[in-house]
Amino acid sequence: MVFVPPGVLLAASVSALVYLLFKSLFRRIKSFKSTGLRGPPRRSLILGETGYIRLSPDPKLIYKEWARQYGPVFRIALPAGSEAIIVTDSKAATQILSKDTYSYVKTVGLRAVIERLVGRGVLWAEGDEHKRQRRIMNPPFSTAALRNSVPMIYEKAHQLQAAWEALLDSEKGRSKVEVELHDWILKLLLDIVGCSIFDYDFHTLEGQTPPILTALQSLNDTKPTKLEILAYMASIFVPPPLVKWVGKLPSQRNQLMANVAVSSRDILERVLEESKKKTEVEKEDEDRKSLLRVLVEGDMGMDLSREERKDMIVTQMKAILVAGPDPVAATVVWALIELARRPDIQEALRAEIVASAGADAEWESLDSSFPFLDAVVSEIVRLRPTTGEAPRVAVEDDVLQLSEPIIDASGKVINEVNIAKGTKIIIPNHYMNSVPAIWGEDSTTFNPYRWLRKEDEQTRSRRRLYSFGDGPRMCIGRAFALMTLKASPLFLDSNIETGLTYCDLYRLLSLL
Ligand code: HEM
């Protein structure tokens, strides 16, 4: 064993620290020089602008004001002395999100948060590993595969209706009945996602409370504290050595997520048990494969032991359970709120559905026979995106092309922005969906009629939605979410005339 005097050890540690500090400072200076953008002055030495944004009731208004002052691409201060480039120019945003080479990836901190929550699944993976995981998972999420789920969605929506009617009956005579709206819709979505994606019914609408429901409910009920919000924001952008430390901060939310893992493994074991009982002929006869069957039977592109394969499947299940039911539930709730505020739009929606009486309840007619329903759903998805921001970091030097020139910090007019490797980028989805120059002066108002206007190709193409992201990382559940948003409150059965719509759902709620 070699003896190293403590003084030498200390000197070596201090030199290493100084080296790391200089390296990080040099990177920052390089990144600042390469972009040379304007932006708001640093608000807080420790948190930069993140506290201001995160604790604001409507962050998109902050981005709107900054974009007005500094143009569609600008820089802001982040925690620990670093910076991010905010990109609200649609051409540049598309370049970042759609680059097939994974030149812009999730930050180390964000990936650490994801790993802690749901493991190294599709939400965590980057590059070739992400491509491989998406290739395996994509087929069960295609519209073609999902159309078979439409009758099941109606069935589940009927169960919700029956549960509410039973509640009404049981509370007869009382002047007011309170209902946890988001809670009920979350149950609806959890049952739908379970049946459609895993071939597994959670039966939450019938009163069962699997651990995943408790975990998701608690995540919604326990509002993160200010400290948790800030720790989360900081953990996304802090330098890698600190990530692990921030990740260990005690948080009720982190503990709840442990239940999801237990629940996912339990479902997998049960589905595997059920599958064993089916004959090969029965399996062949099924015209669609659930995600679980694809994962269980498919080629994962790597040699895995039985237990490793199970671990991998559980990881993907956790990603789906955490990323799937809740955003759709939140969007349905927003649809009900917006419709409650606009009785005229409720009437127009109802009229369209009644006028289509006789159409069947298949996916094709849902997709094509209800232009106003389509407009209402698109408008809700635009106005109420469930993910506010997409943080990324450049893994190589790049040049962002802009759709309109901006003025840089030296007063020069530029058409492109140099991005140095390591530059952090934020694309604010909520603001991108309501940029006044693209969506008009009423961009923050709920107005489904904007989707029915005749527009030229160029205007239409500028109006892209960022609610589901874009490019190779675009939400895998997009088609599923849109289908569910259209079908679940429609309660159509085979006879459209007896169907309930979002409006009826709202009326039922007002009765409650
Ligand atoms: C209205 C409903 C939904 C919204 C607004 C939404 C939004 C998003 C967004 C913004 C992303 C991130 C894209 C990025 O990283 O740039 C995403 C990813 C993802 N979503 Fe959704 N989502 C919804 C519903 C669903 C559903 C129903 C499922 C599954 C059943 C799902 C599963 C996923 C998964 C697994 C990813 C990760 C994809 C990847 O990284 O390759 N989402 N979603």
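Whatever order the structure lists ligands and atoms in, that order sets their numbers, starting from 1.
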message = Strictly below 4.0 Å, N to O, side chains only: are Arg120 and Glu115 in salt-bridge contact?
response =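 Judged by the 4.0 Å cut-off on N to carboxylate O distance, Arg120 and Glu115 do form a salt bridge.
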
query = Is it true that Glu65 and Lys60 make a salt bridge, defined as a side-chain N closer than 4.0 Å to a carboxylate O?
reply =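 Looking at Glu65 and Lys60, the cut-off is not met.
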
request  = Assess Arg392 against Tyr104: is NZ or CZ under 6.0 Å from the centre of the six-membered ring, and within 45 degrees of the ring's axis?
outcome  =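 Here Arg392 fails the 6.0 Å and 45° test against Tyr104.
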
inquiry  = Tell me whether Arg450 forms a cation-pi arrangement with Trp439, defined as NZ or CZ under 6.0 Å from the six-membered ring centre and within 45 degrees of its axis.
reply    =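 No cation-pi geometry.
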
query = So is there a nitrogen or oxygen of Arg392 less than 3.5 Å from a nitrogen or oxygen in ligand 1?
reply = yes

inquiry  = If I apply the N/O under 3.5 Å rule, does Tyr466 come out as touching ligand 1?
reply    =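 Not met; the criterion fails.
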
request  = Report the residues that fulfil side chain to side chain contact (heavy atoms under 4.5 Å, CB included) with Asp128, sequence neighbours left out, ordered by chain and then residue number.
outcome  =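 Side chain to side chain contact (heavy atoms under 4.5 Å, CB included) list for Asp128, sorted by chain: Lys131.
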
inquiry  = Once side chain to side chain contact (heavy atoms under 4.5 Å, CB included) is applied, do any residues pair with Ser142, and if so which ones, sequence neighbours excluded?
reply    =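 Side chain to side chain contact (heavy atoms under 4.5 Å, CB included) check on Ser142 returns Ala144, Ala145.
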
task = List the steps and the verdict of ring pair (Phe, Tyr, Trp, His ring centres under 6.0 Å) for Tyr449 and Phe372.
result = CA-CA 8 Å; Tyr449 295 101; Phe372 196 57; 5.2 Å; yes

Distance under 4.0 Å to a non-hydrogen atom of [X]: what atoms of ligand 1 satisfy this?
X: Thr386; value: 4 (C), 5 (C)
X: Val328; value: 2 (C), 27 (C)
X: Phe141; value: 29 (C), 30 (C)

task = Please list, chain by chain and in numerical order, all residues satisfying salt bridge (charged side-chain N to carboxylate O under 4.0 Å, His left out) with Lys106, sequence neighbours excluded.
result = none

task = Assess Pro385 for proximity to ligand 1: is some non-hydrogen atom of it under 4.0 Å away?
result = no

key: Under-4.0 Å heavy-atom contact with ligand 1, by part of His130 that carries it   =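 Only the side chain of His130 comes within reach of ligand 1.
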
Among all protein non-hydrogen atoms, which one is nearest to [atom], and what is the separation to 0.1 Å?
atom: atom 10 (C) of ligand 1; answer: Ser467 O, 3.2 Å
atom: atom 38 (C) of ligand 1; answer: Arg134 NH1, 3.3 Å
atom: atom 40 (O) of ligand 1; answer: Arg473 NH2, 2.9 Å

request  = Just the protein N/O/S atoms under 2.8 Å from atom 21 (Fe) of ligand 1, please, no waters.
outcome  =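 Atoms qualifying: Cys475 SG.
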
